[in-house]
Peer 1: 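My structure is below; once you've seen it, I'll send some questions.
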Amino acid sequence: MIELEQYQDRVILVGLCEGSEEAELASLGELSELAKTAGAEVITQIMQRRSRPDPATYIGSGKIDELRELTESLSANGIICDDELSPAQMKNLQDQLGCKIMDRALLILDIFAGRATTSEGKIQVELAQLKYRQMRLIGMGRSMSRLGGGIGTRGPGEKKLETDRRLISERIGVLNRELKEVRKHRDVIRKGRGSLKTAAIVGYTNAGKSTLLNHLTDADVLEEDALFATLDPTTRLLTLPGGSGILVTDTVGFIRKLPHQLIEAFKSTLEEAMYADIIIHVADASNPNVSEQMAVVYETLHELNADGKPTVTLFNKQDRIEAADAVHLRDAHADYTIKAAVLNDVGLDRLKEVLEEIIRRDQILIERVFPYNEAGKTALIREQGQLLEEEYTDRGIKIRAYVPRELYGRL
Ligand SMILES: Nc1nc2c(ncn2[C@@H]2O[C@H](COP(=O)(O)OP(=O)(O)OP(=O)(O)O)[C@@H](O)[C@H]2O)c(=O)[nH]1
Ligand SMILES: [Mg+2]
């Protein structure tokens, strides 16, 4: 039997330091995690201070010489830039360095491709990959078929790596139509939920979103110390202490510089956040960059038109930090903030209370006696509202309950 040697990217990371050095180092640290997740070996990283990327080559010419020497002496076979490269930048770097040039967007797409399991997830990733490739056909086509493996060659679209523009746009058309069907289907499901309130769990990748859904309900979603463990949304019914129900959805995590092709393609998944009544934002308080990560989450929500909803922020993983470090955490976007360690069920009771409070804002308290021939109405209240008291008297059923505004009208 012939064993094919596994191709591995041995890469050098390249970042631009436009603002603070600390921020760029954090960003490069994350890029390194992404690269490892995608199966590459990170050999070293370099950083150049510039106010903005060189439009032709991303980094300056002196840095390119330095990089060429490094690549040779360390026998690296790839470069990963921390920002999305334009097709021209990619081509020029490729010509001048003679090795495989990748960027952050390509890495993230590659990881998503490896993680997609449902047909919806696969369609979305393939679409995002094709759009990314379509833009860069000139720069990447030949080199990718020559290298024949590693990052950028994985995923649902792998077999269709032909560099034919026409084929790619035809395929994009097909995928777009498939996605439209998926969206329609999701729409129907959403409408079928009736007047039940919905909450979307959002947050930076690896913050603990899936762990939260699992500990609130018995969802059994994969939780893992890895970037982008979850791609497909999972929705479960959570019954709050007062008896009312709320649908909670766990979904894909955010990251800085998330490729716009992905956001575009993942709209049908991310719509769960767009249509939710309440946002539950999980932040990893033990991460030194938590403030920046939270900012990224709000920017992405804004891009999705999902901002401005009642928001609860969980400062998660409190078990990992000293109490003194936690005092400084603030979230101006949130209506409520809760210190939590969802892995140990800390903060969950408070979260449920808060969710109840938010739902109640939209509800009206009624106290009334319903004659026995109107028992159907009391059933509706039990289903959609929050029953506080129920008493069977000779005049009928005496009820004290919170009911949704729409239901109040019908009573
Ligand atoms: N120490 C500690 N670890 C936690 C806590 N909550 C979650 N984790 C861990 O954090 C890691 C990521 O958790 P997930 O629930 O998979 O995170 P996620 O936000 O769903 O991540 P993605 O799906 O990748 O975006 C796992 O290893 C969890 O066990 C916590 O309260 N304390
Ligand atoms: Mg998850």
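Note that the numbering runs from 1 along the sequence shown for the chain. Indexing begins at 1, ligand by ligand and atom by atom, following the structure's order.
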Peer 1: Under a 4.0 angstrom heavy-atom cut-off, which atoms of ligand 1 come close to Asp225?
Peer 2: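 By the 4.0 Å cutoff, the relevant atoms are 26 (C), 27 (O).
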Peer 1: Under a 4.0 angstrom heavy-atom cut-off, which atoms of ligand 1 come close to Arg320?
Peer 2: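 Listed by number with element: 1 (N).
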Peer 1: Give a yes-or-no answer on whether the side chains of Asp284 and Gln293 include a donor-acceptor pair shorter than 3.5 Å.
Peer 2: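 Asp284 vs Gln293: no donor-acceptor pair found between side chains.
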Peer 1: Decide, yes or no, whether a salt bridge links Lys63 with Glu66 under the criterion of side-chain N to carboxylate O below 4.0 Å.
Peer 2: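 A salt bridge is present here (some side-chain N lies under 4.0 Å from a carboxylate O).
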Peer 1: Within the structure, does Ser210 bring an N/O atom to less than 3.5 angstrom of an N/O atom in ligand 1?
Peer 2: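 Right, the criterion is met.
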Peer 1: What is the distance from atom CZ of Arg330 to atom OG1 of Thr313, rounded to the nearest 0.5 Å?
Peer 2: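 Separation between the atoms: 13.0 Å.
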Peer 1: With atoms numbered from 1 as shown, which atoms in ligand 1 lie under 4.0 angstrom from a non-hydrogen atom of Val342?
Peer 2: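 Contacts of ligand 1 toward Val342, numbered from 1: 6 (N), 31 (O).
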Peer 1: To check your reading of the model: name the closest protein heavy atom to atom 18 (P) of ligand 1, its residue, and the distance in Å.
Peer 2: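 Minimum-distance protein heavy atom for atom 18 (P) of ligand 1 reads Lys209 N, 3.4 Å.
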Peer 1: Return a yes/no value for Leu343: is any of its N or O atoms, backbone included, closer than 3.5 angstrom to an N or O of ligand 1?
Peer 2: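 Yes.
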Peer 1: Does an N or O from Asp250, backbone or side chain, lie closer than 3.5 Å to an N or O of ligand 1?
Peer 2: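 No, there is no polar N/O contact under 3.5 Å.
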Peer 1: Pair Tyr204, Ile255 - check side-chain contact (heavy atoms from CB on, under 4.5 Å), show working.
Peer 2: CA-CA 6 Å; Tyr204 213 74; Ile255 197 164; 3.5 Å; yes
Peer 1: Where is the nearest protein heavy atom to atom 28 (C) of ligand 1: which residue, which atom, and how far?
Peer 2: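 Closest protein heavy atom to atom 28 (C) of ligand 1: Thr211 OG1, 3.8 Å.
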Peer 1: Write out the residue and atom name of the closest protein heavy atom to atom 10 (O) of ligand 1, then the distance separating them to 0.1 Å.
Peer 2: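 The closest one turns out to be Lys317 NZ, 3.0 Å.
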Peer 1: What protein heavy atom lies closest to atom 11 (C) of ligand 1? Include the residue and the distance to one decimal.
Peer 2: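 Checked against all protein heavy atoms, atom 11 (C) of ligand 1 sits closest to Asn206 OD1, 3.5 Å.
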Peer 1: For Lys184 and Glu181, run salt bridge (Lys or Arg N to Asp or Glu O under 4.0 Å): C-alpha distance rounded to whole Å, both residues' side-chain angles, the deciding distance at 0.1 Å, then the answer.
Peer 2: CA-CA 5 Å; Lys184 245 193 241 162; Glu181 284 304 309; 3.3 Å; yes
Peer 1: Out of curiosity, Thr378 OG1 to Glu390 CD, how far, rounded to the nearest 0.5 Å?
Peer 2: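 That separation rounds to 6.5 Å.
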Peer 1: Please check if the number of heavy atoms outside Arg361 that lie under 6.0 Å from its CZ is greater than 12.
Peer 2: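 It does: Arg361 CZ has more than 12 such atoms within range.
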Peer 1: Does a side-chain N-to-carboxylate-O contact under 4.0 Å join Asp187 and Arg183?
Peer 2: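 The answer is no: the pair does not qualify as a salt bridge.
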Peer 1: Rounded to 10 degrees, what angle sits at the Mg ion (ligand 2) between Ser210 OG and Thr230 OG1?
Peer 2: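 Once rounded, the angle between the two atoms at the Mg ion (ligand 2) is 90°.
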Peer 1: Give me the nearest non-hydrogen protein atom to atom 16 (O) of ligand 1 as residue plus atom name, then the distance to 0.1 Å.
Peer 2: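 Protein heavy atom at minimum distance: Glu224 N, 3.0 Å.
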Peer 1: Does an N or O anywhere in Gly208 fall below 3.5 Å from an N or O of ligand 1?
Peer 2: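 Yes, there is a polar N/O contact under 3.5 Å.
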Peer 1: Numbering the atoms of ligand 1 from 1, which are under 4.0 Å from a heavy atom of Phe228?
Peer 2: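 That gives atoms 24 (O) of ligand 1.
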Peer 1: Distance under 4.0 Å to a non-hydrogen atom of Glu223: what atoms of ligand 1 satisfy this?
Peer 2: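 Taking each heavy atom of Glu223 in turn, ligand 1 has 15 (O), 16 (O) under 4.0 Å.
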Peer 1: Which ligand 1 atoms, with their elements, are less than 4.0 angstrom from a heavy-atom of Thr205?
Peer 2: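 Listed by number with element: 22 (P), 24 (O), 25 (O).
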Peer 1: Geometry only, no angles: is Ala207 polar-contacting ligand 1 at N/O separations under 3.5 Å?
Peer 2: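 Between Ala207 and ligand 1 (N or O atoms, distance only) the closest approach is under 3.5 Å.
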Peer 1: Tell me, which protein residue and heavy-atom name are nearest atom 24 (O) of ligand 1, and how many Å apart are they?
Peer 2: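 Ranked first by proximity to atom 24 (O) of ligand 1 is Ala229 N, 2.7 Å.
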Peer 1: With heavy atoms of Gly253 as the reference, note each atom of ligand 1 found under 4.0 Å away.
Peer 2: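 In order of number, 25 (O).
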Peer 1: Can you tell if the side chain of Glu389 reaches within under 4.5 Å of the side chain of Glu367, non-hydrogen atoms only?
Peer 2: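 Glu389 does not reach Glu367 side chain to side chain.
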Peer 1: Hey, what's the ring geometry for Tyr298 with His333, parallel, tilted or perpendicular (30° and 60° as the breaks)?
Peer 2: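 The arrangement is parallel - the two ring planes meet at less than 30°.
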Peer 1: Checking a contact table here: which protein heavy atom is nearest atom 32 (N) of ligand 1, and how many Å away?
Peer 2: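 Ranking protein heavy atoms by distance from atom 32 (N) of ligand 1, first comes Asp319 OD1, 2.8 Å.
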Peer 1: Do the charged groups of Glu30 and Arg104 touch, with an N to O distance under 4.0 Å?
Peer 2: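 Counted as a salt bridge, because a side-chain N and a carboxylate O are separated by less than 4.0 Å.
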Peer 1: Just jot down the ligand 1 atoms closer than 4.0 angstrom to any heavy atom of Ala226, in number order.
Peer 2: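 Matching atoms, with element in brackets: 24 (O).
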Peer 1: Would you compute the distance between atom CD1 of Ile64 and atom CD of Gln48 and round it to the nearest 0.5 angstrom?
Peer 2: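 Here the interatomic distance stands at 9.0 Å.
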Peer 1: Identify, for atom 6 (N) of ligand 1, the protein heavy atom at the shortest distance, and state residue, atom and that distance.
Peer 2: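 Going by distance alone, atom 6 (N) of ligand 1 is nearest to Asn316 ND2, 3.2 Å.
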Peer 1: Measure from atom 23 (O) of ligand 1 to every heavy atom in Leu212, Val202, Thr230 and give the option owning the shortest one.
Peer 2: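 Minimum heavy-atom distance to atom 23 (O) of ligand 1 goes to Thr230.
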Peer 1: One thing to verify: whether Arg68 and Asp65 come together as a salt bridge, which I'm taking to mean a side-chain N less than 4.0 angstrom from a carboxylate O.
Peer 2: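 Answer for the salt bridge query: yes.
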Peer 1: Nearest 0.5 Å, please: how far is CG in Asn287 from NZ in Lys317?
Peer 2: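 One finds 8.0 Å between NZ of Lys317 and CG of Asn287.
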